[in-house]
Amino acid sequence: MKHSTLSQFLLDQKLSNLNIDNDLCKLIESLAQACVRISYRVRQGALGGILGSHGTENIQGEVQQKLDLISNQIIVEGTQWCGAVAAMASEEEEQIIPIPGEYRRGNYLLLFDPLDGSSNIDVNVSIGTIFSVLEKKSDHEQPQEADFLQSGHNQVAAGYVVYGPQTLLVITLGNGVYSFTLESNTSTWTLTHENIQIPETTSEFAINMSNMRYWHQPVKQYIQDCLSGVDGPLKKNYNMRWIASMVADVHRIITRGGVFMYPADKRESVTKGKLRLMYEANPMGFVIEQAGGLATNGKNRILDISPQQLHQRTGVILGSKKEVELITSYHTS
Ligand code: P6P
């Protein structure tokens with residue numbers, strides 16, 4: 001594999017795929033450079049005054065960390081000028097974000113969770129940025145929220161950046177999943193993994209076990225069967241991981257297999273799930289499917305969910321194809 005840069009990769013993708021135009025390449029490149037700046041701020045930690053709470057709440061009623069808002073601003077300011085975006089939507093802002101009048105508007109809608117895993121910021125555990133790109137289908141000069149409410153199978157690009165021991169950009173443009181490693185001294189994204197494929201089977205699940213008393217029966221039964229090990233109905237011993245940063249858990253899964261589960265449960269605030277459909281479940285679902293895995297809400301394909309609200313939540317079960325199929329069988333039997 002020739003170690004090409006993100007720019008060379010995007011040019012190759014554009015030359016080999018008519019659906020990929022200059023504007024999409026410009027959007028991805030400006031977003032990737034914004035994430036270089038986020039990576040720098042993340043690594044500053046206490047030296048950069050970025051730790052701790054901002055003292056405000058987002059639309060979800062969650063306390064916003066300083067780095068949530070810093071990252072949000074970096075992405076907005078880092079992409080609004082590129083001429084490819086019609087409007088944006090962020091986990092951190094209730095309303096859609098228009099493009100200021102001085103910039104050319106393009107036809108792409110950018111949705112993002114600027115910093116996922118905020119509870120891990122102050123304890124130096126991997127966090128990430130998640131992004132999704134749709135095309136504006138209407139002829140609205142100024143996009144409206146309704147323009148964003150498209151099913152995940154309409155995405156033209158999606159991916160994430162994980163700020164961990166390495167800073168990695170993982171992206172799909174609908175033709176496979178590719179990973180780039182940031183060379184921070186030169187701010188260069190270098191292609192280091194191509195056509196990533198998730199192992200179809202696994203013996204590793206990721207779920208927050210402290211919520212067990214709230215789970216519906218299918219999830220409870222599946223986890224109990226996993227814990228029964230080689231003497232139980234699944235006839236193998238399972239391992240468990242839970243990082244509480246979806247980006248880090250998903251990256252482990254596309255690297256070595258596994259399943260990630262944040263199901264809807266009996267808590268009033270989680271009856272529809274905890275994770276957000278438009279800028280967490282949909283982009284991760286696109287990446288997972290492009291890498292040969294499956295992504296459901298327990299019963300239905302995530303990418304086929306028809307969104308009703310910008311910040312709506314969904315249950316998420318995603319990862320190794322055969323294990324997600326097994327978990328689905330617990331929900332449909
Ligand atoms: P819990 C982070 O806040 C997040 O949105 C995901 O990244 C993560 O998987 C999940 O929530 C963790 O939730 O309830 O275990 O803290």
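Note that ligands are numbered from 1 as they come in the structure, with each ligand's atoms numbered from 1 the same way.
Applying the ring pair (Phe, Tyr, Trp, His ring centres under 6.0 Å) test to Y222 and every residue at least two apart in sequence or in another chain returns Y330. Scored by the ring pair (Phe, Tyr, Trp, His ring centres under 6.0 Å) test, Y238 finds no partners at all (sequence neighbours excluded).
In this structure, ligand 1 sits under 4.0 Å from heavy atoms belonging to D116, G117, N208, W242, A244, S245, M246, F260, Y262, K274, L275, R276, E280.
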- Candidate pair R313 and E280, rule salt bridge (charged side-chain N to carboxylate O under 4.0 Å, His left out), full reasoning: CA-CA 9 Å; R313 299 170 187 265; E280 290 177 331; over 6 Å; no
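In summary, the side chains of D147 and S138 do present a donor paired with an acceptor at a separation below 3.5 Å, with no hydrogens or angles considered.
A salt bridge links R104 and D23; the closest N-O separation between the charged side-chain nitrogens and carboxylate oxygens is under 4.0 Å.
Cluster partners of V125, using a side-chain heavy-atom cutoff of under 4.5 Å among ILVMFWY residues and allowing indirect links, are V123, I243.
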